[in-house]
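Report on one structure; see the data block that follows.
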Amino acid sequence: MSNLLANLNEQQHQAVTLPSQHALILAGAGSGKTRVLTTRIAWLVQSGQASPAEILAVTFTNKAAKEMHARLAAMLPINTRSMWIGTFHGLCNRLLRAHHRDAGLPQLFQILDSGDQLAAIKRLLKTLNVDDEKFPPRELQHFINGQKEAGFRPHAVEAWDEFTRQRVQLYQEYEAQCQRESVVDFAELLLRTYELLERNEPIRRHYQRRFRHILVDEFQDTNVLQYRWLKLLADEGREGGASLFCVGDDDQSIYRFRGAEVGNMRDFEREFRVQNVIRLEQNYRSRGNILDAANAIIRNNSDRLGKNLWTDQGAGEPIRVFEAFSDADEARWLVDEVRGLVRDGALRSEIALLYRSNAQSRVLEHQLFTAGVPYRVYGGLRFFERQEIKHALAYLRLIANPDDDTAFARVVNFPTRGIGARSLEALQDAARTYNTSLYATVPHLSGKAGTVLAQFVRLVEDLRRDTARLPLPELIDHVLDASGLRAHYKSEKEGQERLENLDELLGAGSNFVAEAQADAEVLAGDHALLADFLAHASLEAGDHQADQGADAVQLMTVHSAKGLEFNVVFVSGLEEGLFPHENSILEAEGLEEERRLMYVAVTRARERLYLSFAQSRMLHGQTRYNLRSRFLEEIPAGLVKWLTPPNPRSMAGGALAGMGGGYFKPGASVAPVAARQARGTSAHLPNGLRIGQSVAHAKFGQGVIVAAEGSGSDAKVQINFGPAGVKWLLLAVAKLEPV
DNA sequence: CTCGCGAGTTTTTTT
DNA sequence: AACTCGCGAG
């Protein structure tokens, strides 16, 4: 036990050894949060205060759950399998499988990922003949998920206006469709489990008695429903309920957009009368300059719980800032810098290239590829989201659950077997009349459509029969052949990679079996393991990226970098409109979340931090001219070393060609010209103004002309004023001074 | 019914 | 720039 607690600082020690009461640990970036959480669990078990079966630990990513499990297994000499460690979604899946009857679900229910859900909504709109212009599927998806995450079933939604009433109606239809098809989306996993526990007292009591210690990681990212779920399990904080140990950092809350509610931290403190609030402020990760910059940035946010990170590791190097002429220029510089670091002995895997949005990775990848630097991109298209994998999974899903209409619709005519829109329409209509799934409706259909569809149904039945006794990998292998998927991709010109991915699916199957056997908790019955595998595929979209072990530069969004750390970090694209993102700039809440994102980005670095931005950038096929990010101005000048001459005139003026620090190569295209051509506007506006030109406005301050429209007295220009926003101004009216 | 082309739209972030 | 969707020819 003593060695368990060795090397903990005072606050960490205090947190780990708190009595079994509710506790809130405010853990700053790099302050040893994961260590405290895992050591706490180990300490509880080792000191005899809790048995492993009494522990429930909730994380946000599967990766974090796995890591926690591994660390605990290393710390404790006993079997840790009886602990429940997982993501909210993973744990809910487990509960719903165990109590599927009480939850009103068949045992082999399927899980819809976001893409599946969107497809299901589109299909719903089509069958109901709803105008998808008026109800854009994406928007509806967002609406439905939002309601579920707030805990509202359709009848509970307050709809004051006609539009909302109609959307609620669609929400209800969507629910009915899901129930009919035995499928469950992400939000439904949570809501369904919550309702199960709320309504079923014996089950609720059972779990309340079982879990004496509930520990939550990344508590700042919980949404309303997740918090209520935790409260329910902890018996609302009543005497005799479990003790809740929540670890989080309000400054790192970056998922507000998908319903995360930082307010949960304050609510928790109040509602559970939390006596133990501990701040972990000593940072073991970053050098002083980096930390000072992070502190200075986050200080601009209001309404924080308050925390200031410090380190005893010394100031370290200054933060390097680079201004590029264009995004390509930025990428070239960046790759050169990376090569220099590697030449000096740095590990590529210790260098991270961070950006705000996935679209930005393209330029970086291009330059890395050209320079022959090995790299690895996180995020983007995940393994289980590739179309060929989705197709294969759809066949597997039909085997496990033929009523899954989403899966049915996906592969009924893939590979093409002469079942067109006509036949499908007839089938959909019939399915509505009989109120059965597409699959179950097929026998009701006569005529030509009936014949081809019956053939497809027979194919699926054969698949089910022939695979009933097969181990998972062989099962998948058989399906790939018998469905015709392999043959189809073999004949396709670009199909080679897809074939390889399909083979990799076999590998994923084998891995899953190996892990499931170790886990021992496998469902009984035919194809039950298959259902487990499919749930796994939905919940864990797959970090199946190339060459885990290879020494490669790491590329990812700031979001996916959360929780990670690197010796060297580059944050690129620090421009107004990009980071902070233009969609978030207008409301204060959104801007503060962007700032937390910046805080997360900066605190990923241990030794060296680079920040860069470009005067012009290709986005959506158009050249845009951005001002440099306000977050750069929030870093005290004394911490910064400019690699390019500081450009005080404003922030990046696009018209100021040649300001790329001399890095801009002769012959590189001049972005303003490209923009003019792309937009088809006149090359020169009156008064010598042009696109990319920096201008000053009496009220809005400095800005950059990003677009122009019309001519003569109608001539308008769009100007990005940074903090003051992006505005269209009439040239005839607005007083603009070139800068 | 299938395939190919062109128009139109998109993108912030993800369990 | 890349992807999706709808339309028309075969």
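Keep in mind that what you see is a predicted model, and the values were worked out from it rather than measured. Convention: sequence-line order gives letters A, B, ...; per-chain numbering from 1.
A search for ring pair (Phe, Tyr, Trp, His ring centres under 6.0 Å) contacts involving A:Phe369 returns nothing, not counting sequence neighbours. With sequence neighbours left out, A:Lys562 forms a salt bridge (charged side-chain N to carboxylate O under 4.0 Å, His left out) with A:Glu218, A:Asp221. Residues passing the salt bridge (charged side-chain N to carboxylate O under 4.0 Å, His left out) test with A:Arg192 are A:Glu188, sequence neighbours excluded. Every residue meeting the salt bridge (charged side-chain N to carboxylate O under 4.0 Å, His left out) condition with A:Asp267, not counting sequence neighbours, appears here in chain and number order: A:Arg270. Here A:Arg258 pairs with nothing under the salt bridge (charged side-chain N to carboxylate O under 4.0 Å, His left out) rule; sequence neighbours left out. Legend: residues meeting ring pair (Phe, Tyr, Trp, His ring centres under 6.0 Å) with A:His100, ordered by chain and number and at least two apart, are absent. Take A:His536 and apply the ring pair (Phe, Tyr, Trp, His ring centres under 6.0 Å) test, not counting sequence neighbours, and it matches A:Phe512.
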Listed pairs, N/O of protein and of nucleotides 13-15 of chain B, under 3.5 Å:
unit_1: B:dT13; atom_1: OP1; unit_2: A:Asn358; atom_2: N; d: 3.0
unit_1: B:dT13; atom_1: OP1; unit_2: A:Asn358; atom_2: ND2; d: 3.4
unit_1: B:dT13; atom_1: O2; unit_2: A:Arg356; atom_2: NH2; d: 3.0
unit_1: B:dT14; atom_1: OP1; unit_2: A:Thr557; atom_2: OG1; d: 3.2
unit_1: B:dT14; atom_1: O4'; unit_2: A:Arg258; atom_2: NH1; d: 3.3
unit_1: B:dT15; atom_1: OP1; unit_2: A:Arg382; atom_2: NH2; d: 3.1
unit_1: B:dT15; atom_1: OP2; unit_2: A:Arg382; atom_2: NH1; d: 2.7
unit_1: B:dT15; atom_1: OP2; unit_2: A:Arg382; atom_2: NH2; d: 2.6
unit_1: B:dT15; atom_1: O3'; unit_2: A:Phe60; atom_2: O; d: 2.4

Practice prompt. Classify every nucleotide of nucleotides 1-10 of chain C by which part a protein heavy atom approaches to under 4.0 Å, writing B for the base, S for the sugar-phosphate alone and - for neither, in 5'-to-3' order.
Written response: BS--S-----
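For A:Tyr355 and B:dT11, the OH to C1' distance is 14 Å, given to the nearest whole Å. In this structure, A:Arg624 atom CZ and B:dT11 atom P are separated by 15 Å, rounded to whole Å. A straight line from CD of A:Glu139 to P of B:dT10 spans 13 Å, rounded to a whole angstrom.
Counting non-hydrogen atoms under 4.0 angstrom, A:Asn413 reaches the backbone sugars and phosphates but no base.
Spacing of P atoms, B:dT13 relative to C:dT4, comes out at 16 Å, to the nearest Å.
At least one side-chain nitrogen or oxygen of A:Arg138 sits closer than 4.0 Å to the OP1 or OP2 atom of B:dT11.
The residues A:Arg624 and A:Glu575 are annotated as not salt-bridged, no charged nitrogen and carboxylate oxygen being separated by less than 4.0 angstrom.
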